[in-house]
Amino acid sequence: MELAEKQNLNPLNPVKRHRILIVDDDETIRELLAQFFELEGYETQTASNGKLAFEKAVAARPDLVITDIRMPVWDGFEMAKNLWTLEPPLVPVIFISGYAEGDELKELRGNPNMIAFFPKPLSAAMLIDKVNEFLR
Amino acid sequence: MTPTIIQTLTAFVGAMLFINIVVAALQYWNDRSRAQRDVLIYWMANLLPAITGAYFKNANFMSGTVGSMGTFISQYILGSVLADVREVQVRRTPQILCYLGFLLLAFLFFKSGSSFEVYAFIGAAGAASPFFFHWIATLKRPRRKFSLSQKMFVFIAICLSLHYLDWGYFRVRPEIYGVGLTIAFGIFFILSILMPMIVNEHSLERRNAALGNEVERRVNQLKHAEWQLWEASKLASMGRMAGGMAHEINTPLTAIGLHAERLDYDAERGRMTPQSVKSHVHGIRSIIERISKITEGLRKVARDQASVSVERETVNLRELVHKAVETHQANLDELGIELRTEWGPKELLAYCNPIEISQVIMHLLSNSIDAIDRLEDKWILVSMREVGSFLEVSVEDSGEINSEIASRIMEPFFTTKPVGQGTGLGLSVSKSIVESHGGKLFLDQSSRKTRFVFELPRNGSKKEAGWNLQKNKT
């Protein structure tokens with residue numbers, strides 16, 4: 001049974017909904033991913049670039065951020081760096097990308113706040129499994 | 001002439017020979033070249049007849065033969081110095097054989113009782129012959145003309161060689177022997193000036209030629225390296241383009257994948273409705289359209305690459321700039337950069353290679369975009385105007401360059417971007433392209449903002465030699 005359905009069954013014992021922030025400059029990907037995660041019982045927010053994502057994260061701290069790398073204004077790495085200057089606990093980040101920037105990615109390899117990296121084209125199922133594994 | 005005068009003259013000749021030997025030895029010490037060595041051997045070889053002349057009171061076959069050996073050697077060297085200048089070589093063996101043949105003939109004449117003059121003449125001819133052999137060989141191969149000093153050298157050498165022939169006649173007439181000696185002395189004196197001149201002249205010539213060749217070789221090397229760099233930079237930019245393309249295609253692919261996964265997911269959970277299927281299918285279709293625009297762009301690039309040539313034609317610069325701007329439009333919109341264009345109503349036709357000039361404009365645009373991307377105030381102004389027989393195109397952006405960078409900006413490999421981003425070759429390559437069109441590309445230092453300007457000859461003016469005939473675009 002899905003989490004969302006569990007919630008509907010038992011309103012007196014609400015299961016805490018994790019909040020996921022999805023960042024990608026492509027509208028279709030943002031929306032489809034958000035729909036997938038909503039169906040899985042997560043609360044979702046979206047942003048179209050790194051800077052907007054950071055602002056939203058400051059306003060309402062997400063439990064996890066899934067972000068593309070190549071975006072205008074702030075790219076994924078910049079957003080993550082700024083995100084991790086906020087007070088702990090630091091927000092974990094999953095990167096997705098169609099264009100791996102080798103050097104910067106290598107820098108982050110040891111960082112415990114980077115949960116995973118998925119190259120594009122990606123499979124929603126794998127992404128969802130990883131998120132479930134991490135958050136639940 | 002009294003014996004004393006003869007002795008004195010002999011002493012002079014001997015002294016001069018001696019001085020020449022010392023000088024030649026010193027020069028050889030300094031410059032261990034073959035030519036200097038030959039000059040030294042020449043003067044030393046001349047000692048032999050001088051000594052035998054002084055030693056043997058009476059002229060006889062023996063003394064003549066011994067002296068003639070020295071003469072043979074010195075004449076051989078004289079000839080080979082000349083031959084060197086003309087870069088011909090003469091085989092040694094036939095000359096030695098010729099000399100020995102003459103000696104044998106002289107011996108026969110001597111044995112048959114001929115007078116000294118006669119067999120001395122034959123022997124002298126044999127001894128002097130090597131010079132004539134070399135000289136004739138140089139005549140056969142006229143390549144460069146002799147310089148004045150070389151002509152003088154030949155003249156004096158011939159005089160000397162002929163003078164050897166009359167040695168027999170002078171030798172048995174003591175009253176005029178001094179004259180013969182004086183003539184010899186005079187000739188040797190001139191030779192001692194001319195020979196070093198000839199040797200140095202020739203070695204200078206040789207060194208100049210070698211230097212010239214070396215310079216040419218280095219220039220070719222540099223040209224080749226430049227071409228390789230140009231090719232490498234093209235490959236590098238192709239690489240960047242390929243990377244960008246990969247990203248451009250991966251994003252819509254991901255979206256299609258997500259639509260498909262959704263359809264699957266819905267099917268598994270029995271949540272499929274005609275509307276949801278239609279909406280996902282519609283989504284997939286529109287994404288496919290997006291991708292095909294990208295592939296169309298790629299095909300165009302392939303086509304353009306295939307048709308790259310040095311061909312130039314009449315091009316409407318306004319169209320060219322429009323296309324370049326279009327290519328960057330998405331990027332400009334995303335980054336919030338305002339692009340303004342400014343040009344008069346006249347048709348702005350230039351004579352150029354449209355692909356290359358496109359490259360230049362695109363490069364200037366992308367430089368500007370990179371430069372102002374993080375500024376508060378972002379704009380780019382592209383303007384064109386006629387300036388005499390040129391069309392002037394300028395790309396100005398809201399960024400500012402400090403004067404230190406401005407002075408170096410056209411340098412190959414100069415870049416302010418961090419390592420790995422941008423080779424710094426773009427501007428210098430663009431500059432070469434514009435210059436090969438007979439134009440100029442420069443940074444306008446009088447503008448407060450960053451303003452790059454390039455000029456192209458207008459349609460109808462053929463400034464550069466060797467251009468193809470104009471082809472009209474119909």
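Proteins get letters first, then strands, A, B, ... in listed order; numbering begins at 1 in each. Worth knowing before you read on, the calculation uses all heavy atoms, side chains too, and leaves out hydrogens, waters and symmetry mates.
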Checking heavy atoms, do the side chain of A:Asn49, its backbone, both or neither come under 4.5 Å from chain B?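 No part of A:Asn49 comes within 4.5 Å of chain B.
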What part of B:His280 gets closer than 4.5 Å to chain A, counting heavy atoms only: side chain, backbone, both or neither?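 When you check distances to chain A, only side chain atoms of B:His280 fall under 4.5 Å.
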Suppose a student defines contact as a heavy atom less than 4.5 Å from any heavy atom of chain B. Which residues in residues 122-129 of chain A would they list? A:Leu122, A:Ser123, A:Ala124, A:Ala125
Do any of residues 21-29 of chain A come closer than 4.5 Å to chain B, heavy atom to heavy atom, and if so which ones, in number order? A:Asp26, A:Thr28, A:Ile29
Taking atom [atom1] of [X] and atom [atom2] of [Y], what is their separation to the nearest 0.5 Å?
X        : Y        : atom1 : atom2 : result
A:Gln35  : B:Tyr265 : CD    : OH    : 11.0 Å
A:Lys120 : B:Thr251 : NZ    : OG1   : 4.0 Å
B:Glu261 : A:Leu32  : CD    : CG    : 10.0 Å

B:Ser394: which residues meet the side-chain contact (heavy atoms from CB on, under 4.5 Å) condition with it, sequence neighbours left out? B:Ser383, B:Arg451, B:Val453
Contact list for residues 326-340 of chain B, test salt bridge (charged side-chain N to carboxylate O under 4.0 Å, His left out), sequence neighbours left out: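 For residues 326-340 of chain B, and leaving out neighbouring residues, the salt bridge (charged side-chain N to carboxylate O under 4.0 Å, His left out) pairs sorted by first residue read B:Glu338-B:Arg340.
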A side-chain contact here means heavy atoms from C-beta on lying under 4.5 Å apart; do B:Arg269 and A:Leu39 qualify? no
Please determine whether the number of non-hydrogen atoms from other residues, nucleotides or ligands lying under 6.0 Å from atom CD of B:Glu289 exceeds 12.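 Counting neighbours around CD of B:Glu289, 12 or fewer heavy atoms of other residues, nucleotides or ligands fall under 6.0 Å, so no.
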Kindly check if the number of other-residue, nucleotide or ligand heavy atoms within 6.0 Å of NZ (A:Lys51) is above 12?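 At most 12 heavy atoms, drawn from other residues, nucleotides or ligands, come within 6.0 Å of this atom.
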Find the one option among B:Ile249, B:Leu253, B:Asp264, B:Leu258 whose heavy-atom pairs under 4.5 Å with chain A are most numerous.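 Counting heavy-atom pairs under 4.5 Å, the top option is B:Leu258.
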Taking only Lys NZ, Arg NE, NH1 and NH2, and the carboxylate oxygens of Asp or Glu, determine whether B:Arg262 and A:Glu31 approach each other closer than 4.0 Å.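 Looking at A:Glu31 together with B:Arg262, the answer is no, because their closest N to O distance does not fall below 4.0 Å.
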